[in-house]
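To start, the structure itself, in C-alpha cells.
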Amino acid sequence: MLNYDIVVIGGGPAGLAAAIEAKKNGVKDILVIERDRELGGILQQCIHNGFGLHVFNEELTGPEYAEKFIDELKNQGIEYMLDTMVLDITEDRKISAINTENGLMNIHAKALILSMGCRERTRGAINIPGTRPAGVFSAGTAQRFINMEGYMVGKKVVILGSGDIGLIMARRMTLEGAKVEAVAELMPFSGGLTRNIVQCLDDYNIPLLLSHTIIEIKGKERVEGVVIAKVDENRKPIPGTEKHIECDTLLLSVGLIPENELSLKAGVNIDPRTNGPIVNESMETKVKGIFACGNVVHVHDLVDFVTKESKKAGKSASKYVLGELVEKEEIIKTNADEGIGYIVPQRIRMSNVDEKLELFMRVKDVYKNVKLVIKADGEVIKEFKRKHLAPGEMEIISLNSSLLEGKQVSNISVSVKGA
Amino acid sequence: MYDVAIIGAGIIGSFISRELSKYDLKTVLLEKDNDVSNGTTKANSAIIHAGYDALFKTNKGKFNALGNPMFDKVCKELDVPFKRIGSYVVAYNEKEIKTLKELFKNGKKLGIPDMEIINGDELRKREPNLSDEIVAGLYAKTAGIVGPFELCIALCENAVENGVELLLNYEVNNIEKTKSGFKITSNEKSIEAKYVINCAGVYADEINNMVNKSKFKITPRRGQYYLLDKSANGLVNSVIFQCPNEMGKGVLVTPTVHGNILVGPNSEDIMDKEGTQTTSNSLKFVKESASKSIKNIPFNEVITTFSGLRAEPTGGDFIIEESDTEGFINVAGIKSPGLSASPAIAEHVVEIIKEINDGLKENKDFNPIRKEMVRFSELDDQKKAELIKKDERYGRIICRCENVTEGEIVDVINRLVGARTVDGVKRRTRPGMGRCQGGFCGPRVVEILARELGKSVEEIVKSNKESYIITEETKGDIDYDKKEKKLALS
C-alpha cells in the first residue's frame, strides 16, 4: 500500500491548481494521477486563445495556460503519474489504480481530491434518429483529432449546439479548410460566450440557426447529410420547416456531463441539477476527506474560475490533513430560487469561510437589466444589479461574511428579479 | 473446389460453419461485409427464448425448444457471455391471461421445462419495477441472454481455427449450377463448391432466386431499440415481455449480459434491406409501450439507439431445407427466435448434408475450445497485477467507460477473425460501448488499429468500406517524422 497525504485524481486544470495550492499550504506528500499521456487535461487540445484573462491578466492559449501550472507543479516537486487510470476509490480513501510501469497499485490518501472533469453528451443521449454512419463526432473528439493527432475529420460540416466547444470548432474547421454550413442551436439563444459567437461565427460568416435542431442523420457509411428543422417554444420540431443540408460531418456540442462514476463508488452524493457532487464551502463532499473541484462538480465556462475553485479545494484539503478544518457546525443550505439553475456550494459552514463567501451559479434563461437577490432565511441581505445574464455564462457573487455574522441562518437563496 | 460454401457470416452461417468444422470437409464461409456479425446478428434483442412462444409443429417451435438447452455448453467452450436469467410474459387483463395459458399449453407440448403462471403481486415481489396494472405473468426459468455478436465472432474464430476458410468482402452476385456442384461469382473471383448453404439473412431471397425455380421473398421487418447506461442496471433482472401479437413478441425490457438495459423493439415492415435507420415515431412508440410494463424507465440514461432487420419470409416459418436444386440448402427467414434456435438449426443442417453426401468423416483434430478472452475489468486484483506484469499493455486503460485495456484491444485485432475496424474492436471487446460512445477512446482505438495492422490512420474505417473517419492530415506539419517517412516511401 502506498501512502500519501493527498491524492488528486485528474491532472487537468482543476487537479493541478488544487495540488499546487495544497502544497503551498504545508502538505508534503501529494500525488496527482492523470489518465492521459500528459498533464493539462482538455486544455492541451484547446489551442485557441482566451484563457487566463482573470487569473493572469493576459490572453493565453490552452496549452500555455496549462504549462504555467505544470511548471509550477514540477517546481514544487509534486509527484504525478501519467497514463495511469484509477479503477476504484472507497469511502475511506483507498484507491486502486493501474499503469504500465507499476502495474496495479493500492494507494491510501488522508485526503482525496476529485478532479476528473467532464465528458461530452453524445448523439445517443439526445436521441437523434437516422442512420449510424461514420462522421458523427462530438466536438471535443474532433478537436482532439485535429489539434493533437493532426488529422482532419471532414470537409463539409454541420454543428449542432452553440456551446463554446461548438463555436470554437466552427472556426477551427474553417481555418483547416472545411466548409461549415451552419451551427444549429435548439434554444432561442446560444449557450456559448458572446465573444465566441462574434469571433468564431460572425467573423467567418457562419450562420447560427437559433431554435433549430437536427431531426435526422442520413448516410449509410459516412454522413451524407442532415435534416434540420425549426423548433417551437417547447423545443419540438415544427412540421413543414424541415431542410436537408448536405454534409459529410456532424459535430455535436450538446452539453457536458461531469464524470462522477468514481465519486459514486466512494459514496459521494450527486446534485441532480449540476450532475456533480454536493459540496460545502470547502469543496468537500458528503464523504469526510473527499474534496472535489472543477468540471467534475459543475461545468464551468472559463478555466479561470476552475482554477479559483480548485485552489479553494486544495487549500481545504490541506487544512483537513493538518486538522485545521472546522467540521462541527450548523450548516447553511443554499437554494437556487426563481431563475437560478443551481448554486455551488450547496452547503456552507461559516467558520471555514474567510472574509468573502463566493457563490457560483448559472441562470436558467437570458435576462436583461435585472437584479440578483440574495436572501438569508427569506430576508433580503444583498442585491446585485446585472445588465445581462445568460445560461452560457457562469455568475459569481461574492458576499461579505460580515453580512451573516452573528445571525443563525439556515438558508441562503438567490433569485433573479426584474428591474 | 470446396465441399461446402456457406453464404453469410451472421449467427446462422457462423454456427453452421463451426458445426461443419467438426467434419473432414473443405468449407468456405462467404461474407459480403468486411467483418462477420454485421447484419441482424449485431442488432437484435439478444434473448435466448425459453421456447413456449413459437407454435408446436413449426420449425420455429421445434428448433427453439432444441436450441435453448444447447447454449450453456457452446458459450462455455467459446468463452462467450451467457446468462440464464428467466423471462416473464406479462398480462394486463383476462384476455391476455388467456394468451398466457395458451402459451403455457403450447410450451408444454414443445416440452419447455420450468414454466409457471403467477399473479401480479407475486410478479412485483420478484420484479418490483413492474407496472401495478399487470395482473399475471408467465414465468419461464430457462430463458437467457447472450452476447450475440460475441457469439457469432467466437463461432467464426473457432471454425477458422478448425479449418474453415473465411472470405470477407465477398459479395455473391451470381450462382450457377454445374455438373459437379455450383459456381459462385463475386466481383473479386469465382469459387466452386459441391454444396451451397444460403444463410444470407435479409438477402436470402436474392441468393435463392439466383438458382432455384421455387422463389420466396424476404421482407425486412425493422425493430428499434434503446440501450441504457449500466447505471440503470437492476431496473429489471429478467426478460420482461408483453403479450405477443401478430407482429411479434411486443416491446421487451431486459438486462444485457454486460449489465446495460435494453428496451425494444417495435415492428414495421420496410422495403429497404439496408434500412437500419431509427425514426422518431418508432422510438417514441417503443418508449411509450415499454413504459406500460415498467415503471420509471430512466430514458435520460439512454446511451444509444439502434435498429435491426428481422428477415420475415413468405409463409412465416423458418425455411430450412434442400431446395429444388440438389445440393443447395436454404436456411432462410431465420427471424426471431432465430438466435435461440441457431445451434439446433446448425446441427440439423449438418444432418441434411450428411444425408445428401452419404455420411461425413469426422475431423479428428477438431478443438471445440476457443482461446480465452481477457476481460480485464472482471479480473480480481491479483490476476490484474499478474497480467500487467506479463504484458504491460494491460496496464493501460484505453476505454475509460468500460475499462478496456490496450492489451485487450491488441488481442482482438491479432486473433483469428480479428477486428479490422473501429466497430469490429467495439463488438469484440467493448471500447466505445459505454456512456461516452467512443468520444474519448475513439482516436486511441484508431491509432492502435493503424499501428497493429500496419496501415495509415486515414485508412481505418468505422465499419464498412466507405465509413472513413479521417479525411486528411491537418495543414500543419505536426509530426515531422511521419511526413518524412511518407516522403521516403513515395
Side-chain angles (χ1 to χ4, degrees), chain A residues 35-36 83-85 87 96 98-106 116 119-135 137-138 140-141 144-155 175-178 215-222 237 248-249 252 257 259 261 264, chain B residues 226-227 231 274 276-280 282-283 299-306 377 381-382 384-385 388-389 392-397 400-401 403 405-406 422 435-440 442-443 446-447 457-458 461-479 482:
Chain A
R35 57 188 160 196
D36 216 322
D83 213 356
T84 304
M85 181 77 180
L87 300 177
S96 104
I98 59 163
N99 65 25
T100 56
E101 211 174 306
N102 309 81
L104 185 84
M105 295 168 279
N106 289 304
M116 292 88 74
R119 64 167 175 270
E120 300 178 277
R121 286 180 82 198
T122 63
R123 172 194 177 177
I126 56 168
N127 281 331
I128 308 174
T131 52
R132 301 204 294 164
F137 299 90
S138 64
T141 306
R144 180 170 182 119
F145 264 125
I146 297 170
N147 292 347
M148 295 190 75
E149 319 288 339
Y151 295 106
M152 263 304 267
V153 296
K155 292 186 168 151
L175 293 175
E176 278 296 335
I215 57 166
E216 192 184 348
I217 295 173
K218 296 199 170 216
K220 181 67 192 160
E221 303 200 3
R222 176 79 189 195
D248 61 19
T249 305
L252 300 173
I257 306 165
E259 284 223 287
E261 282 67 35
L264 288 168
Chain B
Y226 290 92
L227 185 71
S231 58
E274 296 292 321
T276 53
Q277 66 270 36
T278 52
T279 60
S280 56
S282 292
L283 288 172
F299 280 106
N300 57 341
E301 287 175 42
V302 169
I303 56 179
T304 190
T305 56
F306 64 90
S377 65
D381 281 4
Q382 200 194 330
K384 279 181 182 156
I388 301 171
K389 216 170 269 173
E392 65 161 36
R393 291 174 297 188
Y394 288 99
R396 183 176 289 127
I397 297 278
R400 54 172 87 164
C401 300
N403 277 346
T405 62
E406 183 176 4
V422 172
R435 49 184 71 93
C436 92
Q437 288 284 289
F440 287 114
V446 169
E447 178 191 316
V457 163
E458 291 98 316
V461 291
K462 177 180 179 281
S463 54
N464 284 334
K465 251 185 267 168
E466 301 302 320
S467 63
Y468 61 92
I469 298 163
I470 299 299
T471 52
E472 62 201 322
E473 287 180 25
T474 49
K475 291 184 203 158
D477 287 349
I478 287 190
D479 186 343
K482 197 168 58 191

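Rounding to the nearest 0.5 angstrom, the gap separating the CD1 atom in Ile388(B) from the CG atom in Asn102(A) is 9.5 Å. The CD atom of Glu473(B) sits 12.0 Å away from atom CD of Glu149(A), with the distance rounded to the nearest 0.5 Å.
No side-chain heavy atom of Ile257(A) sits under 4.5 Å from any side-chain heavy atom of Arg435(B). Counting heavy atoms from C-beta outward, Glu176(A) and Lys475(B) have side chains that approach closer than 4.5 Å. Using a 4.5 Å heavy-atom threshold, the side chains of Thr304(B) and Arg132(A) count as touching. Between Tyr151(A) and Ile469(B) there is no side-chain heavy-atom pair separated by less than 4.5 Å. When side chains are defined from C-beta on, Arg400(B) counts as touching Glu259(A), because their heavy atoms get closer than 4.5 Å. At a threshold of 4.5 Å between non-hydrogen side-chain atoms, the residues Met85(A) and Asn403(B) count as touching. Using a 4.5 Å cut-off on side-chain heavy atoms (C-beta onward), Thr305(B) and Pro129(A) make no contact. Taking 4.5 Å as the limit, some side-chain heavy atom of Lys155(A) sits within range of a side-chain heavy atom of Glu472(B).
Within the 4.5 angstrom heavy-atom criterion, no atom of Arg121(A) approaches chain B. With a threshold of 4.5 angstrom between heavy atoms, Asn464(B) approaches chain A through its backbone and through its side chain. Looking at Leu175(A), only its backbone comes within 4.5 Å of chain B, counting heavy atoms on both sides. Only the side chain of Asp36(A) comes within contact range of chain B, judged by heavy atoms closer than 4.5 Å.
With hydrogens and angles disregarded, a donor-acceptor distance shorter than 3.5 Å links the side chain of Thr278(B) to the backbone of Gly130(A). Proximity of a side-chain donor or acceptor of Thr100(A) to a complementary backbone N or O of Arg396(B) within less than 3.5 Å is not detected. Judged purely by atom type and a 3.5 angstrom limit, Thr474(B) uses its side chain to pair as donor or acceptor with the backbone of Gly150(A).
The ring pair (Phe, Tyr, Trp, His ring centres under 6.0 Å) test applied to Tyr468(B) returns no partner, not counting sequence neighbours. In terms of the ring pair (Phe, Tyr, Trp, His ring centres under 6.0 Å) criterion, Phe440(B) has no residue partners (sequence neighbours excluded).
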